[in-house]
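Here the structure comes first, spelled out in structure tokens, and everything after it is commentary.
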Amino acid sequence: MGDSSDSVSIDIDMIPLGGKECVVNTSKGSVSVLVCGDQGKPALITYPDVALNYMSCFQGLLFCSDAASLLLHNFCIYHIDAPGHELGADVISSDVRLLSVDDLADQVVEVLDFFGLKEVMCLGVTAGAYILTLFAMKYKERVLGLVLVSPICKVPSWTEWLYNKVLLNLLYFYGMCDVVKECLLQRYFSEELRSGRHGAESDIIQACRRLLDERQSLNVMRFLQAINERHDLTEGLKNLQCKTLIFVGDSSPFHAESVYMNAKMNRRSCALVEVQACGSLVTEEHPYTMITPIEFFLRGFGYYRQPHFTSSSSNDSNPTSPSNQSCIAPELLSPESLGIKLKPIKTRVAIKI
């Protein structure tokens, strides 16, 4: 780990998803970044939720052919993992000081500086959405737009604070035990998905369990503790000028806070999409519901889907695709919503179970 931002080292290995995994040393410690795509393109950075990494948080969305034609066609994606959350991570030494949410936001800007990125688009989920929102407030000139999934913006309620304290104790004494995994799965996914059909656990839940087994519990503790000590962003939201698109599942434990966040932001630059029968991790549970809103959101910045994929077969075969159901509100698709004045709408996306 580097002692200052002037001393930056990088190790690169090719990984299965086809990107380059970089370990960047910053003044806040080392951070793993997966770089996917042509680095000459505009940058999209991602930040996952607690105990997740790029693979467990964003592969559901990015493996959709429609999303690939939209996001990978227009951007080079930089997946930033929380410290110690990357695949094969070692336990962070107890001698390394705990990072605050402000430290994590400052770490993001050091990563941008290392890669020479001036302005970026941001995609974050829950805790990651909080870090990127805080980053956008502290470094307004570095952020073009925010896509936030089940974001949080207030200090933890007493209920959440106590719940997280219990999780922290369980992680410390028992590691990533079954009880902790169940609590985290409740954080991520709806009850419908967790209960499964005919009593069988879904592939998504099984995959997430396996990925959680790979996490270093003490590293997860560090991120969770930082988020449990977060401060209120409400006042800063009013002055956040970048365009923002918020997704939240109506079964997410953070649904009310996401709706609150949307209400406190600039009504001319923020839109809310609520996804029915979905938990917090919309990127994995119902990724197809995100594609059409993101597509029209990005058109306001001059980004369009790759022409070859405009009529993707995935829309014809996937029942959750918004294009099939015509379930995106007309307001989101109107020309007025795509330019400078993105309408502050509340859209419900219906999912067939």
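Throughout, residue positions are numbered sequentially from 1 according to the sequence presented. Note that the structure is predicted; figures quoted are calculated from it, not measured.
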Give a yes or no answer on whether the side chain of [X] reaches the backbone of [Y] with a donor-acceptor pair at less than 3.5 Å.
X      : Y      : result
Gln206 : Glu201 : yes
Glu192 : Cys278 : no
Ser195 : Glu191 : yes
Gln225 : Leu168 : no
Asn74  : Tyr304 : yes
Glu284 : Gly60  : yes
Asn219 : Asp90  : yes
Thr126 : Ser150 : yes

[X] versus [Y]: any side-chain heavy-atom pair under 4.5 Å?
X      : Y      : result
Val111 : Tyr78  : no
Ile246 : Met265 : yes
Asn228 : Leu167 : no
Leu184 : Met176 : yes
Val50  : Val220 : yes
Ile77  : Leu72  : yes
Met261 : Thr244 : no

With sequence neighbours excluded, tell me which residues meet ring-ring contact (aromatic ring centres under 6.0 Å, His included) with [X].
X      : result
Tyr163 : none
Phe75  : Tyr303
Phe223 : His85
Tyr47  : none

Go through the structure and list residues passing side-chain hydrogen bond (donor to acceptor under 3.5 Å, both in side chains) with [X], not counting sequence neighbours.
X      : value
Ser100 : Asp103
Ser258 : none
Asp102 : Lys138, His231
Asp81  : none

Nearest 0.5 Å, please: how far is [atom2] in [Y] from [atom1] in [X]?
X      : Y      : atom1 : atom2 : value
Lys28  : Leu104 : NZ    : CG    : 9.5 Å
Tyr188 : Arg194 : OH    : CZ    : 12.5 Å
Arg215 : Glu86  : CZ    : CD    : 8.5 Å
Leu62  : His79  : CG    : NE2   : 5.0 Å
Ile204 : His286 : CD1   : NE2   : 8.0 Å
Glu285 : Ser202 : CD    : OG    : 8.0 Å

Shortest non-hydrogen contact between [X] and [Y], atoms and distance:
X      : Y      : value
Gly19  : Leu34  : C-CD1, 4.0 Å
Leu240 : Ser269 : O-OG, 4.4 Å
Phe254 : Ser280 : CD1-OG, 3.6 Å
Thr26  : Gly29  : OG1-O, 2.7 Å
Arg268 : Asn266 : N-OD1, 2.9 Å
Ala277 : Ser190 : O-OG, 3.9 Å

### Task
With sequence neighbours left out, write down each residue that passes salt bridge (charged side-chain N to carboxylate O under 4.0 Å, His left out) with Lys181, or none if nothing qualifies.
Asp178, Asp213

### Message
So, using salt bridge (charged side-chain N to carboxylate O under 4.0 Å, His left out) as the criterion, who are the partners of Glu182 when residues are at least two apart?
### Response
Arg209

### Query
Do Val155 and Ile131 belong to the same hydrophobic cluster, where Ile, Leu, Val, Met, Phe, Trp and Tyr are linked whenever their side-chain heavy atoms lie under 4.5 Å apart, directly or via other members?
no

### Task
Start with the C-alpha distance between Val125 and Phe58, add both sets of side-chain angles, then the distance that settles side-chain contact (heavy atoms from CB on, under 4.5 Å), and finish with yes or no.
CA-CA 9 Å; Val125 176; Phe58 299 108; 3.7 Å; yes

### Single hit among Leu71, Thr46, Leu144 for side chain to side chain contact (heavy atoms under 4.5 Å, CB included) with Met121
Leu144

Charged N-O contact under 4.0 Å between [X] and [Y]:
X      : Y      : value
Glu257 : Lys154 : no
Arg230 : Glu160 : yes
Arg210 : Glu214 : no

#### Entry: Arg142/Val108 under side-chain contact (heavy atoms from CB on, under 4.5 Å): CA gap, chis, key distance, verdict
CA-CA 11 Å; Arg142 309 295 293 269; Val108 171; over 6 Å; no

### Message
Set out, in order, the CA-CA distance, both residues' side-chain angles and the distance that settles side-chain hydrogen bond (donor to acceptor under 3.5 Å, both in side chains) for Asp66 and Ser69, then state yes or no.
### Response
CA-CA 5 Å; Asp66 292 300; Ser69 67; 4.9 Å; no

#### Entry: Test log, rule side-chain contact (heavy atoms from CB on, under 4.5 Å), inputs Leu123 and Ile294
CA-CA 11 Å; Leu123 169 61; Ile294 290 177; 5.6 Å; no

### Query
Do we see a donor-acceptor contact under 3.5 Å between the side chains of Glu110 and Ser27?
yes

### Between Thr234 and Tyr260: side-chain donor-acceptor atoms closer than 3.5 Å
yes

### Query
Please walk me through it: do Ser32 and Glu21 pass side-chain contact (heavy atoms from CB on, under 4.5 Å)?
CA-CA 7 Å; Ser32 176; Glu21 188 175 19; 3.3 Å; yes

### Task
Run through the side-chain heavy atoms of Ile, Leu, Val, Met, Phe, Trp and Tyr, join any pair under 4.5 Å, and report what else lands in Trp158's cluster.
Trp161, Leu162

### Task
May I ask you to list the residues sharing a hydrophobic cluster with Leu98, side-chain cutoff 4.5 Å, ordered by chain and number?
none

### Query
Near Lys118 NZ, under 6.0 Å, is it more than 12 heavy atoms from other residues, nucleotides or ligands?
no

### Query
Is the distance between the ring centroids of Tyr139 and Phe135 less than 6.0 Å?
yes

